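To start, the structure under review is shown below, and the notes come after it.
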Amino acid sequence: SAAILGLSERVNAGLPDGHLANTDAARMHVVAHLRRLRPRTVILQYTEGRHPDHRIGSELARDACFLSGLQNYPGGERFRPGKVCYAISFREDNVKPTFVVDITEQFDRKIEAVMAFGSQFDGVTQAGELHPTGQPLVELIATQNAHYGSLIRRRYAEPFWTPETMAVDDVVTMGVGSL
């Protein structure tokens, strides 16, 4: 998946699957990764979710992003990412995206990267939702990304949420017409 996406580095923090906790030790571990990798933007799972690891992991990583910018927090030279965004794909509740990103040109590569995790996704007909449609995962991803794409008049888009209000530099150049 990392090679398909052209990543320069992929890191697994090695935290326990199914037993994730937002502890001081876990935060220090994630802070060390943040300070070494120095990402400008961090994309997290949405703040709520059925799987405890997703919810706790999101909280843990957000806390680590803040702590990594503190001068007196242990574990290396301070660094704080400039932006934390939350991915909201596969949400069943009505979370309105703050923004969506056109992924039309990258959609096939996204599917290829997801399917590189065959042991987790081959034959899957749901993606965390309570009421699965019975669609193969690839079709479900296409359906959802097509929906978000339709919101910005593109074929496919990926939804994100941020707690901050987003600034617009020029209302005349905003991409989607209102009427």
Side-chain angles (χ1 to χ4, degrees), residues 1-11 34 37-51 53-66 80-118 120-179:
S1 180
I4 292 165
L5 294 173
L7 302 180
S8 59
E9 187 166 355
R10 180 194 179 278
V11 178
L34 289 167
L37 296 169
R38 305 180 79 73
R40 291 179 298 166
T41 302
V42 174
I43 300 172
L44 304 175
Q45 289 278 340
Y46 187 63
T47 58
E48 298 175 24
R50 289 177 56 224
H51 193 308
D53 279 357
H54 296 178
R55 178 180 40 78
I56 294 166
S58 180
E59 178 184 274
L60 165 62
R62 191 257 175 236
D63 290 352
C65 286
F66 178 81
R80 183 173 293 145
K83 178 56 76 185
V84 173
C85 300
Y86 297 87
I88 58 172
S89 293
F90 305 113
R91 300 294 313 160
E92 287 191 325
D93 48 0
N94 189 20
V95 177
K96 187 172 177 76
T98 305
F99 63 94
V100 295
V101 177
D102 180 1
I103 62 165
T104 303
E105 290 185 23
Q106 301 301 323
F107 182 75
D108 290 338
R109 187 159 55 150
K110 172 186 174 170
I111 295 298
E112 186 181 356
V114 168
M115 298 315 292
F117 294 95
Q120 194 168 6
F121 297 119
D122 279 349
V124 171
T125 58
Q126 66 181 48
E129 68 275 7
L130 293 171
H131 306 288
T133 63
Q135 291 174 279
L137 180 65
V138 171
E139 288 179 27
L140 180 60
I141 292 170
T143 297
Q144 290 187 342
N145 286 156
H147 164 71
Y148 288 110
S150 74
L151 299 178
I152 59 168
R153 316 310 183 256
R154 299 291 188 272
R155 178 122 190 231
Y156 297 111
E158 195 75 36
F160 296 91
W161 178 83
T162 63
E164 304 87 17
T165 300
M166 302 296 290
V168 173
D169 293 327
D170 184 350
V171 297
V172 176
T173 62
M174 291 173 64
V176 178
S178 298
L179 305 175

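Keep in mind that what you see is a predicted model, and the values were worked out from it rather than measured. Along the sequence shown, the residues carry numbers beginning at 1.
The backbone N or O of Arg55 lies less than 3.5 Å from no partner atom in the side chain of Ser58, so there is not a single donor-acceptor pair. A donor-acceptor pair under 3.5 Å links the side-chain atoms of Asn145 to the main chain of Ala157, judged by distance alone. Of the possible polar contacts, none joining the Ser1 side chain to the Ala116 backbone as a donor-acceptor pair under 3.5 Å is found. The backbone N or O of Gly149 lies less than 3.5 Å from no partner atom in the side chain of Arg154, so there is not a single donor-acceptor pair.
When all heavy atoms of Tyr86 and Pro163 are compared, the pair lying nearest together is CE1-CD, 4.1 Å. The minimum heavy-atom distance between Val114 and Ile141, with the atom names listed, is CG1-CD1, 4.1 Å. For the residue pair Val84 and Glu164, the shortest heavy atom distance occurs at O-OE1, 4.4 Å. Of all non-hydrogen atoms in Val42 and Pro81, the two that sit nearest each other are CG2-CG, 3.7 Å. Of all heavy-atom pairs between Thr98 and Thr162, the closest is OG1-N, 2.9 Å. Nearest heavy-atom pair across Gly6 and Arg109 is N-NH1, 4.3 Å.
Using a 4.5 Å cut-off on side-chain heavy atoms (C-beta onward), Lys110 and Glu158 make contact. The shortest distance between side-chain heavy atoms of Val101 and Tyr148 does not fall below 4.5 Å. The shortest distance between side-chain heavy atoms of Leu34 and Pro39 falls below 4.5 Å.
If you take CG on Asp102 and CG on Leu151, they are separated by 12.0 Å, rounding to the nearest 0.5 Å. Atom CD1 of residue Ile56 and atom NE2 of residue His51 lie 9.5 Å apart, to the nearest 0.5 angstrom. Put simply, CG on Leu44 and CG on Leu60 are 9.5 Å apart, with the number rounded to the nearest 0.5 Å. The CZ atom of Arg10 lies 10.5 Å from the CG atom of Leu5; values are rounded to the nearest 0.5 Å. A distance of 12.0 Å separates NZ in Lys83 from SG in Cys65, rounded to the nearest 0.5 Å. How far OG of Ser89 is from CZ of Phe160: 7.0 Å, rounded to the nearest 0.5 Å.
Other residues, nucleotides and ligands place no more than 12 heavy atoms under 6.0 Å from the CD atom of Glu105. Within 6.0 Å of CZ on Arg38 lie more than 12 heavy atoms contributed by other residues, nucleotides or ligands. Around CZ of Phe99, the count of heavy atoms belonging to other residues, nucleotides or ligands within 6.0 Å exceeds 12.
The aromatic rings of Trp161 and Tyr46 sit perpendicular to each other, their planes meeting at more than 60°, with 30° as the lower class boundary.
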